[in-house]
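Read through the structure below, which is laid out as structure tokens, and then see the notes.
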Protein chains: 2
Amino acid sequence: MSGGTYGCNKSMEIIIDIDDAMPLFAQLVGQIKKAVISKKMGPGDNLPSIRQLANDLELNNKTVAKAYRLLERDCVIQTKGYRGTFIHPDAEANSTVDLNAWVITKLDETINSFKESGVTDSEIRIAFGNLMNKRNS
Amino acid sequence: MSGGTYGCNKSMEIIIDIDDAMPLFAQLVGQIKKAVISKKMGPGDNLPSIRQLANDLELNNKTVAKAYRLLERDCVIQTKGYRGTFIHPDAEANSTVDLNAWVITKLDETINSFKESGVTDSEIRIAFGNLMNKRNS
DNA sequence: ATATGTACCACCTGACATAAGGGTACAAGT
DNA sequence: ACTTGTACCCTTATGTCAGGTGGTACATAT
């Protein structure tokens, strides 16, 4: 099997391409943001449950849950526990804001400042690795 | 075989532990800086050639060359081409100045600002990976 | 009983970069 | 001739991480 589609009240259509280089969860995030931007979905609209969507799209629960988690972090959707998941009031604005862009920009500045000081790529990578791993413990 | 030692005029002793998690070249860098700080070696002292040290320590030329390259960048040693390699006049000061410290501090600040914004570890890693790899080409 | 989101646990897979080694070669000097 | 640092080539192995999947369990509500 490869990919799957989900049609909800003829208002939302999600297409997942398993052969796409983009990770499945990222495709889901993009599709939902796109649906919001193109006004196919609006604030307050009900999204399918994680298990439901995973089943229709032939995906794993975790994959869908990951997408929902990211979407909620970006305030594109709101999860209300047992009551289900809904489109966030400010979804449209928050769908266009790309958190990644700001991360890349700021990180790029930092890395460049290192390189200008003659720091080796290896050293930057090592420092990065240490920080990312230690903070977890 | 595991690791090796190098004794030079009973003034310098380098111990490499191949089982250590720290990369071999990094161990070498640390050992030489330590030798400078503890005044076992001083400005003008002659260091063994890359090939010589690699042979004694049972390391590859490249590994030693990498360590020397980093040490010269930090102005702990001076390579004078065919004439060999020597301890830098300001070696002691430059051995204590930890370029890594400033890198870690600044990088830590940047990463923390990301996490406070809810950015995922994965996303930070991916952004980091993209930046480090694209700049190389 | 059923459904919701969520939080754990573990596993497998592929991709990728680092680290390290082997080899060859060069210009510059002794 | 010999040695110096250095710069390429290619190969290997190791480790790490992302992505995905599987299962179980929980509190909260209907």
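Naming: A, B, ... by sequence-line order, numbering from 1 per chain.
- Contact between the side-chain N/O atoms of A:S49 and the OP1/OP2 oxygens of C:dA3 is not found at any separation under 4.0 Å.
- For the pair A:T63 and D:dG20, the criterion of a side-chain N or O lying under 4.0 Å from OP1 or OP2 is not met.
- Inter-residue side-chain proximity for A:L53 and A:L28 is flagged as met; some heavy-atom pair is nearer than 4.5 Å.
- Using a 4.0 Å cut-off, no side-chain N or O of A:T79 falls inside it from OP1 or OP2 of C:dG5.
- Distances shown here put every side-chain N or O of B:R83 at or beyond 4.0 Å from the OP1 or OP2 atom of C:dT30.
- Rounded to an integer number of Å, the gap from OH of A:Y82 to P of C:dT4 is 14 Å.
- Between B:I104 and A:A127, the closest heavy-atom pair is CG1-CB, 4.0 Å.
- C:dT6 atom P lies 14 Å from atom CZ of A:R73, rounded to whole Å.
- Counting to the nearest Å, the P atom of C:dT4 and the CG atom of A:L47 are 13 Å from each other.
- Side-chain N/O atoms of B:K62 and base N/O atoms of C:dG22 include a donor-acceptor pair closer than 3.5 Å.
- Between B:H88 and B:N94, the closest heavy-atom pair is ND1-ND2, 4.2 Å.
- Not one side-chain nitrogen or oxygen of B:N61 sits closer than 4.0 Å to the OP1 or OP2 atom of C:dG21.
- Separating the CG atom of B:L53 from the P atom of C:dG21 is a distance of 12 Å, rounded to the nearest angstrom.
- The distance from atom CG of B:D19 to atom P of C:dA20 is 13 Å, rounded to the nearest whole Å.
- Nucleic acid contact for A:E72: sugar-phosphate only, since backbone atoms but no base atoms lie under 4.0 Å from a heavy atom of the residue.
- In terms of phosphate contacts, A:T85 brings a side-chain nitrogen or oxygen within less than 4.0 Å of OP1 or OP2 of C:dG5.
- Put simply, A:K80 has no side-chain N or O that comes within less than 4.0 Å of OP1 or OP2 on C:dT4.
- Taking atom CG on A:D17 and atom C1' on D:dG19, their separation rounds to 16 Å, with Å as the unit.
- Remark: B:L47 CG to B:M41 CE distance equals 4.5 Å, nearest 0.5 Å.
- Considering CD1 of B:I124 and CZ of B:F128, their distance stands at 11.0 Å, rounded to 0.5 Å.
- Between A:M132 atom CE and D:dG15 atom P there is a gap of 21 Å when expressed in whole angstrom units.
- Interface remark: the A:R51 side chain does form a donor-acceptor pair with the C:dG5 base, using a distance-only criterion of under 3.5 Å.
- For B:I50, whose side chain is taken as the heavy atoms from C-beta onward, the closest listed nucleotide among C:dA19, D:dT6, D:dA29 is D:dT6.
- With rounding to whole Å, A:I126 atom CD1 is found 13 Å from D:dG15 atom C1'.
- DNA chain C is contacted by both B:P23 and A:R69; A:R69 maps to the nucleotide lying nearer its 5′ end (nearest heavy atom per residue).
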